[in-house]
Every structure is written in C-alpha cells, then in structure tokens.
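Worth knowing before you read on, the calculation uses all heavy atoms, side chains too, and leaves out hydrogens, waters and symmetry mates. A, B, ... follow the sequence lines: proteins, then strands. Residue 1 opens every chain.
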Protein chains: 2
Amino acid sequence: MAENSRLTIATHVLTWMALARRRGQDLLTSEQVAASVNTNPVIIRRSLGDLRRAGLVEVRRGAGAGWILARTPEEITLLDVYNAVEQHPLFAMHHTDPNLECPVGKGIRPALGHVYDGVEQALRHELQRTSIADVLKRTLQE
Amino acid sequence: MAENSRLTIATHVLTWMALARRRGQDLLTSEQVAASVNTNPVIIRRSLGDLRRAGLVEVRRGAGAGWILARTPEEITLLDVYNAVEQHPLFAMHHTDPNLECPVGKGIRPALGHVYDGVEQALRHELQRTSIADVLKRTLQE
DNA sequence: CCTTGTTGTAACAAGGTTTGTTTCAAACGG
DNA sequence: CCGTTTGAAACAAACCTTGTTACAACAAGG
C-alpha cells in the first residue's frame with residue numbers, strides 16, 4: 001500500500017471540482033468529492049488541505065461549508081498540484097553516509113544531486129504543460 | 001526509511017567499479033564495494049543482482065569470485081541503471097477503483113495515464129543524457 | 001577431490017509510509 | 001443556538017526499504 005497516489009487523488013479532486021463548476025455547482029463538500037473518488041471524506045480533506053495551503057482551492061467553514069476552486073481550471077497546472085502534494089525529492093540519497101575516505105563516497109552525492117536536479121527540472125517542465133482543464137477535456141473523451 | 005535509494009546505490013556501485021577498473025582492478029567483491037557505500041555486502045549483492053539481470057555487470061562465482069562491468073562506463077547511462085532497479089511507475093493510480101458511475105471517476109485513469117507516460121518519457125530522456133563515466137568525472141571533481 | 005572464498009537467497013527485525021477509519025473540538029451560516 | 005462541515009489527532013492494517021544473520025550452491029586452485 002506504500003505507493004503514493006497523492007498526485008492522482010488531488011488531480012481527481014480538482015478535475016471533479018472543475019466539472020461541477022461547469023455544471024454550476026461551485027461549492028462541494030468533502031463528502032461529495034469523496035463519492036467520485038470512492039474513498040473516505042477524511043482522505044479528501046487531507047488532499048484538499050494540501051491544495052488549500054498551495055492556494056489552489058478555498059474553503060468555507062460552518063454550516064453550508066465546502067470547497068471552491070481558487071483559480072480557473074485553465075490556470076491550474078499539474079505542476080501546481082505536484083508542488084502542493086509532493087515534498088520529497090524524486091530520488092533519495094544514501095540513507096547512511098557513504099565512506100568519505102573513498103573518492104567516490106566523498107564526491108558522489110553532489111555529483112548525483114546535480115543530475116537529479118536536472119531530472120526533476122525535466123519532470124516539472126513536463127507537468128507544467130498540462131492543466132486541470134486539459135485533464136478534464138481528456139477525461140470526458142475517454 | 002521507506003524512501004527508495006536504489007538508483008543512488010546502484011549508481012554508486014557502478015561508479016566505484018568504473019574507478020577501480022581505471023586503476024587496473026576489474027574484479028571486485030561485494031564486500032569491497034560495500035566498503036565504499038558503507039553498508040552491508042548483502043545490500044550490494046541485491047543491487048548488483050538487479051544490474052546483472054539488466055546486463056550491466058557480470059559475476060564470477062567460486063573462490064576468487066567477484067563482479068565486473070559488462071560495458072564501459074561510457075556505455076552505461078543512468079537510464080540503464082533506472083531501468084535495472086526501478087519497476088514501479090513514477091505515479092501510482094488510485095489504490096481502489098474510483099466511482100465509475102461518475103464521468104470523472106470513469107475517465108480520469110486513462111487521461112492521467114497519458115500524462116504520466118509523457119512525464120516518464122521526459123524523465124527517461126533526461127536520465128539517458130548522463131553516463132556512469134560522466135558521473136565519475138563529476139564525482140572526482142567535487 | 002578437497003579446501004576456501006564468494007555469491008544467491010531466504011528469513012527476519014526495525015522503522016518508515018500510505019490509506020482508511022473513528023472521533024471530536026472548532027468554526028460559522030442561518 | 002442549532003446543525004453542518006472542517007481540521008486534526010489517534011490508531012490500525014498493509015506494505016516497503018534497509019540492514020542483519022545464516023547457509024546452501026558454486027567454482028578456482030591446489
């Protein structure tokens with residue numbers, strides 16, 4: 001179970017909110033969103049909490065509360081979603097320090113860090129090419 | 001601890017083998033490699049096993065056994081290493097099926113799969129740009 | 001053929017992550 | 001003040017990753 005589906009869940013949430021909005025329903029509760037994702041409302045609130053902290057959605061509390069998109073679906077890219085829900089770098093370094101007496105042990109981490117930065121950059125660039133509106137369009141075509 | 005450092009470990013292993021080779025020592029035991037990575041030889045054997053199955057290293061068994069690079073460091077890219085050690089896709093889909101009655105629940109997986117394929121493609125393209133020889137060069141510069 | 005060094009693999013522990021669930025205080029519109 | 005909903009904590013179940021021990025299989029060299 002330890003394989004992370006947060007980007008998928010958050011994108012699903014936003015795509016569903018985009019469709020509801022187009023249908024005239026701006027405000028959705030976590031329970032309504034959970035019905036589409038088919039999971040527990042608490043899971044959805046956790047995801048929406050990430051998206052709120054990133055400024056992608058807004059929340060209204062109290063009776064008649066719920067969630068609203070803070071931007072149009074065209075203005076939210078999958079990079080925005082990725083940044084909202086992923087914190088760890090793509091590839092982890094050694095969990096314990098390598099042998100710093102060895103020239104490879106000493107120099108490999110900065111060397112690899114440089115490569116990993118480039119890879120993350122490429123990934124981010126690719127994610128930025130797709131918006132929630134694009135995902136919704138393609139979702140409805142399937 | 002559940003954050004995967006396999007690409008880092010395998011690249012470290014190959015980089016160290018490349019340096020040893022340049023110094024005239026083609027054959028290394030898992031214990032010798034483990035000394036540079038600063039971990040248990042069994043961990044290294046697991047990593048080398050992945051690399052062997054991918055055809056990047058060869059093994060000699062029996063007394064005086066050990067591991068040899070199967071290609072020159074210039075001919076091994078980080079994409080080769082990634083393919084050898086990573087099996088799961090980058091982003092997981094929902095762990096439980098979404099609600100297929102909902103148009104988003106129904107169409108989101110193929111739509112996202114399409115995007116994820118593109119992202120993985122970009123990642124692979126970037127990894128392919130760097131060889132073990134490149135990593136070694138940069139490692140010794142640090 | 002035997003000794004010896006090394007691999008391949010299984011089994012297990014420790015610690016971490018992820019999802020799902022229950023619970024309840026806090027917020028707030030009406 | 002009531003009723004609905006969020007935010008967050010606490011916990012369980014399942015799984016992953018690393019590290020460790022143990023040992024059979026293998027083969028080179030005497």
Taking the side chain as every heavy atom from C-beta outward, state whether B/H12 and B/S47 have any pair of such atoms under 4.5 Å apart.
-> no
Look through every strand shown and name the nucleotide pairing with C/dA11 as Watson-Crick or G-U wobble, where both distances are under 3.5 Å.
-> D/dT20
Before giving the answer on salt bridge (Lys or Arg N to Asp or Glu O under 4.0 Å), spell out for B/D134 and B/K137 the whole-Å C-alpha distance, their side-chain angles and the decisive distance to 0.1 Å.
-> CA-CA 5 Å; B/D134 296 330; B/K137 185 176 172 192; over 6 Å; no
Verify, without hydrogens or angle tests, whether B/E120 (side chain) and B/L90 (backbone) share a donor-acceptor contact under 3.5 angstrom.
-> yes
Heavy-atom closest pair (A/N40 atom, A/A34 atom, distance to 0.1 Å) is C-CB, 4.1 Å
Within residues 13-37 of chain A: residues closer than 4.0 Å to DNA chain D (heavy atoms) = A/T29, A/S30
Just call it for B/N40: base, sugar-phosphate, or nothing, with non-hydrogen atoms closer than 4.0 Å on any strand.
-> base
Below 4.5 Å, heavy atoms only, C-beta onward: do B/W67 and B/L51 meet side chain to side chain?
-> no
Should B/T96 be listed as having a side-chain N or O under 4.0 Å from OP1 or OP2 of C/dT19?
-> no
Would you kindly compare B/V59 and A/N4 by the position of their nearest DNA chain C nucleotide and give the one closer to the 5′ end?
-> B/V59
Please determine, for the side chain of A/V42, which listed nucleotide (C/dT23, C/dT7, C/dG20) has the closest atom?
-> C/dT23
Work out which heavy atom in A/V104 is nearest to a heavy atom in B/W16; give both atom names and the distance.
-> CG2-CE3, 3.7 Å
To the nearest Å, give me how far apart CZ (A/R45) and P (C/dA25) are.
-> 15 Å
Interatomic distance where CD1 belongs to B/I68 and P belongs to C/dT6 [whole Å] = 14 Å
Using atom CD1 of A/I44 as one end and atom P of C/dT21 as the other, report the distance to the nearest whole Å.
-> 12 Å
Only one of A/L56, A/T15, A/T11 forms a side chain to side chain contact (heavy atoms under 4.5 Å, CB included) with A/I76, so which one is it?
-> A/L56
Between A/I9 (CD1) and C/dG20 (C1'), how many Å, whole number?
-> 12 Å
When rounded to whole Å, the CD to C1' distance for the pair A/E3 and C/dG16 reads 16 Å
Whole-Å distance separating the CD atom of B/E58 from the P atom of C/dT7 = 15 Å
Of the options A/T139, A/L136, A/V37, which is the one that meets B/I108 in a side chain to side chain contact (heavy atoms under 4.5 Å, CB included)?
-> A/T139
Using heavy atoms to find the nearest nucleotide of DNA chain D for B/G62 and A/R61 separately, return the residue whose nucleotide is more 5′.
-> A/R61
Given atom CD1 of B/I43 and atom P of C/dA11, what is their separation to the nearest angstrom?
-> 17 Å
When we call it a touch if two heavy atoms are under 4.0 Å apart, what does B/R46 touch: a base, just sugar-phosphate, or nothing?
-> base
Among B/Q128, B/R129, B/R124, find the one that has a side chain to side chain contact (heavy atoms under 4.5 Å, CB included) with B/E126.
-> B/R129
What are the bounds, 5' to 3', of the part of DNA chain D that sits under 4.0 Å from heavy atoms of chain B?
-> D/dC16 to D/dA28
Euclidean distance, atom CG of residue B/L48 to atom C1' of C/dT7 [Å, nearest integer] = 10 Å
Please write out which residues are connected to A/I68 in a hydrophobic cluster, directly or through intermediates, given that two of Ile, Leu, Val, Met, Phe, Trp, Tyr count as joined at side-chain heavy-atom separations below 4.5 angstrom.
-> A/L27
